[in-house]
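Please read all numbers here as calculations on a predicted model, not as lab measurements.
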Amino acid sequence: MNRLENWFCSSAYWRRITARRLLPWLLEGTNLGESVLEIGAGPGAATGELAKRVTRVTSLEYSHRFCIALHSNNDAANVVQGDGSALPFAAGAFTSVIAVLVLHHLRSTGAQDQAFAEIFRVLKPGGVFVALEVPDGWLTRAVHIRSTFVPVFPSGVAERIIVAGGSKVSIKSRPGAFRVRAERAGTI
C-alpha cells in the first residue's frame with residue numbers, strides 16, 4: 001500500500017465508514033459462524049466490529065508494522081503475519097473468511113487464484129467467504145499509484161471462485177464497490 005492508502009485506512013473516518021456502512025452491507029444476510037479469518041486486516045478498521053459478531057477473530061496481515069498495531073489495539077483478535085495466498089492454517093479451521101479491499105493488493109491474478117484456493121481450503125464445509133472490492137477505473141488506479149493494484153473484475157470472479165472450490169457465488173454491486181459471497185460445499 002502507498003502512503004495515501006496507509007494514512008486513509010488508519011484514519012478514524014475509515015474506521016467509522018467501515019463499521020457503519022461497509023460491513024453492514026458486506027455482511028447483510030450472512031452468518032459468519034463462530035470463527036472468522038480476516039485476510040489483510042491492515043490497521044484493523046473491521047477487526048473490532050467482527051469481534052462483536054463472532055466468538056473468535058483471527059486477523060492475517062502481511063505488514064509487520066500493522067501486525068504490531070493490530071496486536072496492541074485489538075485484544076479480541078488473534079493476529080498472524082502472513083500472505084493471503086499461502087494461509088498458515090489447517091484445512092477447515094474457520095466458519096468464515098472475510099477480505100475487505102484486499103484481493104486487488106495481491107501481486108497477480110495467479111496470486112489471487114491461489115488465495116481463493118487457500119480460502120476454500122481453510123473454510124469448513126458450509127463455511128462462507130465474503131469480500132469487498134473496488135471496480136477498476138481511472139480514480140481507483142490514481143489512488144493506487146506506487147501500490148499494487150490488480151483489479152478483480154465482477155464479470156469473471158465467480159468462475160475463478162468455483163474453480164477454487166467455492167459454490168453459490170453471488171456478486172452485488174453498488175457505486176464504488178462490489179461484494180462477493182460464496183460458500184464451501186457441504187454443511188458445517
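Rounded to the nearest 0.5 Å, atoms CD (Glu159) and CD1 (Ile162) are 6.5 Å apart. One finds the CZ atom of Phe94 at 4.5 Å from the CZ atom of Phe89 (value rounded to the nearest 0.5 Å). Rounding to the nearest 0.5 Å gives a distance of 11.0 Å between CD1 of Ile98 and CD1 of Ile119. Expressed to the nearest 0.5 Å, how far CG of Leu26 lies from OG1 of Thr30 amounts to 7.0 Å.
Residues Leu101 and Leu106 do not share a hydrophobic cluster, clusters being chains of Ile/Leu/Val/Met/Phe/Trp/Tyr side chains in contact below 4.5 Å. Placement of Val152 and Val180 within a single hydrophobic cluster is found when ILVMFWY residues are connected by side-chain heavy-atom separations under 4.5 Å, directly or transitively. Under a hydrophobic clustering in which Ile, Leu, Val, Met, Phe, Trp and Tyr are joined whenever their side-chain heavy atoms come within less than 4.5 Å, directly or via other members, Ile161 and Leu87 fall into the same cluster. In terms of hydrophobic clustering, with Ile, Leu, Val, Met, Phe, Trp and Tyr side chains grouped at heavy-atom distances under 4.5 Å, Val100 and Val57 are assigned to a common cluster. Under the 4.5 Å side-chain heavy-atom criterion for ILVMFWY residues, a single connected hydrophobic cluster contains both Val122 and Val80.
With Glu118 contributing its side chain and Ser85 its backbone, the two residues share no donor-acceptor pair below 3.5 Å. Looking only at distances, no side-chain donor or acceptor of Thr148 sits under 3.5 Å from a matching main-chain atom of Arg107. Remark: the backbone N or O of Leu123 is paired with a side-chain donor or acceptor of Arg184 at under 3.5 angstrom. Side-chain atoms of Ser59 do not come within 3.5 Å of backbone N or O of Val79 as any donor-acceptor pair. Judged by distance alone, with hydrogens and angles left aside, the side-chain atoms of Glu183 form no donor-acceptor pair with the main-chain N or O of Lys168 at under 3.5 Å. For the pair Thr95 (side chain) and Leu32 (backbone), a donor-acceptor distance under 3.5 Å is present. Checking side-chain atoms of Arg160 against main-chain N and O of Gln112 turns up no donor-acceptor pair under 3.5 Å.
Closest non-hydrogen pair, Ser35 versus Ala93, comes out as OG-O, 3.7 Å. Heavy atoms only, all atoms of each residue included: Leu103 and Ala131 are closest at CD1-CB, 4.1 Å. Contact detail for Ala177 and Pro135: the closest heavy-atom pair is N-CD, 3.7 Å. Scanning both residues, Val54 and Gly33, for their nearest heavy atoms gives CG1-O, 3.4 Å. Between Ala164 and Ala117 the shortest heavy-atom distance is CB-N, 3.6 Å. When all heavy atoms are compared, the tightest approach of Ser173 to Trp25 is C-CZ2, 4.2 Å.
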For a side chain to side chain contact (heavy atoms under 4.5 Å, CB included) check, start with the C-alpha distance between Ile171 and Phe178, then their side-chain angles and the critical distance, and finish with the verdict. CA-CA 7 Å; Ile171 299 159; Phe178 65 95; 4.1 Å; yes
Can Ile39 and Val97 be said to form a side chain to side chain contact (heavy atoms under 4.5 Å, CB included), step by step? CA-CA 7 Å; Ile39 296 179; Val97 176; 3.5 Å; yes
Does the side chain to side chain contact (heavy atoms under 4.5 Å, CB included) test come out yes or no for Leu22 and Leu132, once each step is laid out? CA-CA 8 Å; Leu22 297 179; Leu132 177 74; 3.9 Å; yes
Decide side chain to side chain contact (heavy atoms under 4.5 Å, CB included) for Leu27 and Leu50; before the verdict, give the C-alpha distance in whole Å, the side-chain angles of both, and the deciding distance to 0.1 Å. CA-CA 10 Å; Leu27 300 176; Leu50 291 171; 4.2 Å; yes
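Of the candidates Arg56, Arg53, Lys124, Lys124 is the only one forming a salt bridge (charged side-chain N to carboxylate O under 4.0 Å, His left out) with Glu34.
Tyr62 is not listed as a side-chain neighbour of His105, based on a closest heavy-atom distance of 4.5 Å or more. With contacts defined as side-chain heavy-atom distances shorter than 4.5 Å, the pair Leu37/Leu60 qualifies. Between Val163 and Phe116, every side-chain heavy-atom pair lies at or beyond the 4.5 Å cut-off. Two residues are said to be in side-chain contact when any heavy atoms from C-beta on lie closer than 4.5 Å; Arg181 and Val128 meet this criterion. Residues Phe149 and Val134 meet the side-chain proximity criterion, which asks for heavy atoms closer than 4.5 Å.
Under a 4.0 Å N-O distance rule, the pair Arg179/Glu28 qualifies as a salt bridge.
By the 6.0 Å contact criterion, CZ on Phe66 is enclosed, its count of non-hydrogen atoms from other residues, nucleotides or ligands being greater than 12.
Between the side chains of Glu38 and Thr47, at least one donor-acceptor pair of N or O atoms lies under 3.5 Å.
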